Enquirer: 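Before I ask anything, let me first share the structure, which is written out below as structure tokens.
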Number of protein chains: 2
Amino acid sequence: MSEIDVTEVFEKCLGCRYMVAILRRIEQGIQRPGQLEKAVDGMTAKVLSERLKRLVEYGVVEKTSYSEIPPRVEYTLSTFGQRLLEIIDEVDILHKEARLKK
Amino acid sequence: MSEIDVTEVFEKCLGCRYMVAILRRIEQGIQRPGQLEKAVDGMTAKVLSERLKRLVEYGVVEKTSYSEIPPRVEYTLSTFGQRLLEIIDEVDILHKEARLKK
DNA sequence: CGGAATCCAAGAAGATACTG
DNA sequence: CAGTATCTTCTTGGATTCCG
């Protein structure tokens, strides 16, 4: 398997549109694609689908498929994903502090 | 002034190509554009220039211009930028751990 | 040397339609 | 409902040139 640098994690998992929003919604318990689509403003199903695929690829979220009709799928944060979100919040706080000082 | 969400910091300051590499080089003491251009593989002067401009805009780095001939310019990490880099390293470690478990 | 302007190629994202 | 494929549009990055 290829060596994945952290730079790649930032570029592919955090740098694109909606990513942080998607992760936050999943953390809040919104785990099905249909719900996520409605919960993130402006995001289409196609883009959501691509994002989720990538997040699974990088081990940020985990996917569970239930063999039902109609099909049901759920995404949850991996341990790595949970820590990532904590770190995002940390940056959030830092950023606000930095802006206050100006 | 507009409200800058942390999402934007990730998308604009960390998510694009070369950003993490540039920050790391600055941290290592490479502070002049000409040097940075050589230090980051594949990056052109134009792109570097755009990145530095944005990093200043978001308060991640600070710019100092010396009125000399030829002109000299230096970029340094702000406090926010330093913390950001620490956090990047943290994600780096997390990411490696997450990969080992698989 | 630093950086802005221009032009072009490549990649990301929006809109729609279609399959299991 | 979830996910893929296609097509178009917009944004990003690469190459080059010019100015202070």
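In what follows, chains carry the letters A, B, and so on, assigned in the order in which the sequence lines appear, proteins first and then strands, with residues in each chain numbered from 1. Keep in mind that what you see is a predicted model, and the values were worked out from it rather than measured. For the numbers below, each heavy atom of this structure counts, side chains included, while hydrogens, waters and symmetry mates do not.
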Enquirer: Within this structure, what is the CD-to-P distance between B:E11 and D:dC10, rounded to whole angstrom?
Expert: 19 Å

Enquirer: Could you state the CD-C1' distance from B:E74 to C:dG2, rounded to the nearest angstrom?
Expert: 13 Å

Enquirer: Would you mind writing out the side-chain donor-acceptor pairs for residues 71-78 of chain B within the sub-3.5 Å range, not counting sequence neighbours?
Expert:
{"residue": "B:R72", "atom": "NE", "partner": "B:E68", "partner atom": "OE1", "Å": "3.3"}
{"residue": "B:R72", "atom": "NH1", "partner": "B:E74", "partner atom": "OE2", "Å": "2.9"}
{"residue": "B:R72", "atom": "NH2", "partner": "B:E68", "partner atom": "OE2", "Å": "3.1"}
{"residue": "B:S78", "atom": "OG", "partner": "B:G59", "partner atom": "O", "Å": "2.7"}
{"residue": "B:S78", "atom": "OG", "partner": "B:V60", "partner atom": "O", "Å": "3.0"}
{"residue": "B:S78", "atom": "OG", "partner": "B:F80", "partner atom": "N", "Å": "3.3"}
{"residue": "B:S78", "atom": "OG", "partner": "B:G81", "partner atom": "N", "Å": "3.0"}

Enquirer: From A:D89 CG over to A:L84 CG, what is the distance, rounded to the nearest 0.5 angstrom?
Expert: 10.5 Å

Enquirer: Going by number, which of residues 20-39 of chain A have a non-hydrogen atom under 4.0 Å from DNA chain C?
Expert: none

Enquirer: Give one of base, sugar-phosphate or nothing for B:Y75, where a contact means two heavy atoms less than 4.0 Å apart.
Expert: sugar-phosphate

Enquirer: May I have the step-by-step check of side-chain contact (heavy atoms from CB on, under 4.5 Å) for A:I88 and A:V91, ending in yes or no?
Expert: CA-CA 5 Å; A:I88 290 170; A:V91 175; 5.8 Å; no

Enquirer: Flag the pair B:E50 and B:K46 as a salt bridge only when some basic side-chain nitrogen lies within less than 4.0 angstrom of an acidic carboxylate oxygen.
Expert: yes

Enquirer: Identify each atom pair where a protein N or O and an N or O of nucleotides 18-20 of chain D are less than 3.5 Å apart, giving names and distance.
Expert:
none

Enquirer: Over all heavy atoms of both residues, which pair between B:E11 and A:R17 is shortest? Give the atoms and the distance, please.
Expert: OE2-CA, 3.2 Å

Enquirer: Using the C1' atoms of five pairs at each end, what's the angle between the two axes of the helix from C:dC1-D:dG20 to C:dG20-D:dC1, to 10 degrees?
Expert: 40°

Enquirer: Output yes when at least one side-chain N/O atom of B:R17 is less than 4.0 Å from OP1 or OP2 of D:dG14, else no.
Expert: yes

Enquirer: May I ask you to say whether A:E86 pairs ionically with A:R83, meaning some side-chain N is under 4.0 Å from a carboxylate O?
Expert: yes

Enquirer: By a strict heavy-atom criterion of less than 4.0 Å, which residues belonging to residues 41-55 of chain A are in contact with DNA chain C?
Expert: A:T44, A:K46, A:V47, A:R51

Enquirer: Please give, in whole Å, the distance from D:dA2 P to A:E68 CD?
Expert: 11 Å

Enquirer: How about A:E62 and A:V56: do any of their side-chain heavy atoms sit closer than 4.5 Å?
Expert: no

Enquirer: Name the atoms and distances for all side-chain donor-acceptor pairs under 3.5 Å in residues 25-39 of chain A, with sequence neighbours left out.
Expert:
{"residue": "A:R25", "atom": "NE", "partner": "A:A39", "partner atom": "O", "Å": "3.4"}
{"residue": "A:R25", "atom": "NH1", "partner": "A:A21", "partner atom": "O", "Å": "3.3"}

Enquirer: Working to the nearest 0.5 Å, report the span between OH of B:Y18 and OG1 of B:T44.
Expert: 7.0 Å

Enquirer: Calculate, to the nearest 0.5 Å, the distance between atoms CZ and SG belonging to A:R54 and A:C16 respectively.
Expert: 4.5 Å

Enquirer: Rounded to whole angstrom units, what separation is found between the NZ atom of A:K63 and the P atom of D:dA2?
Expert: 10 Å

Enquirer: Quick one: is D:dG14 close enough that its OP1 or OP2 comes under 4.0 Å of any side-chain N or O from B:Y18?
Expert: yes

Enquirer: Take A:I22 and A:L52 through the side-chain contact (heavy atoms from CB on, under 4.5 Å) test and state the conclusion after the steps.
Expert: CA-CA 9 Å; A:I22 293 171; A:L52 289 172; 4.2 Å; yes

Enquirer: In whole angstrom, what separates B:I69's CD1 from C:dG3's P?
Expert: 14 Å

Enquirer: Could you measure the distance from the NE2 atom of B:H95 to the CG atom of A:D5? Nearest 0.5 Å is fine.
Expert: 8.5 Å

Enquirer: Could you tell me how far apart A:E8 (CD) and C:dG11 (P) are, to the nearest whole angstrom?
Expert: 14 Å

Enquirer: Please determine whether a side-chain nitrogen of the Lys or Arg among B:D92 and B:R24 lies less than 4.0 Å from a carboxylate oxygen of the Asp or Glu.
Expert: yes

Enquirer: Quick one: does A:V20's side chain get under 4.5 Å of A:L23's, heavy atoms only?
Expert: no

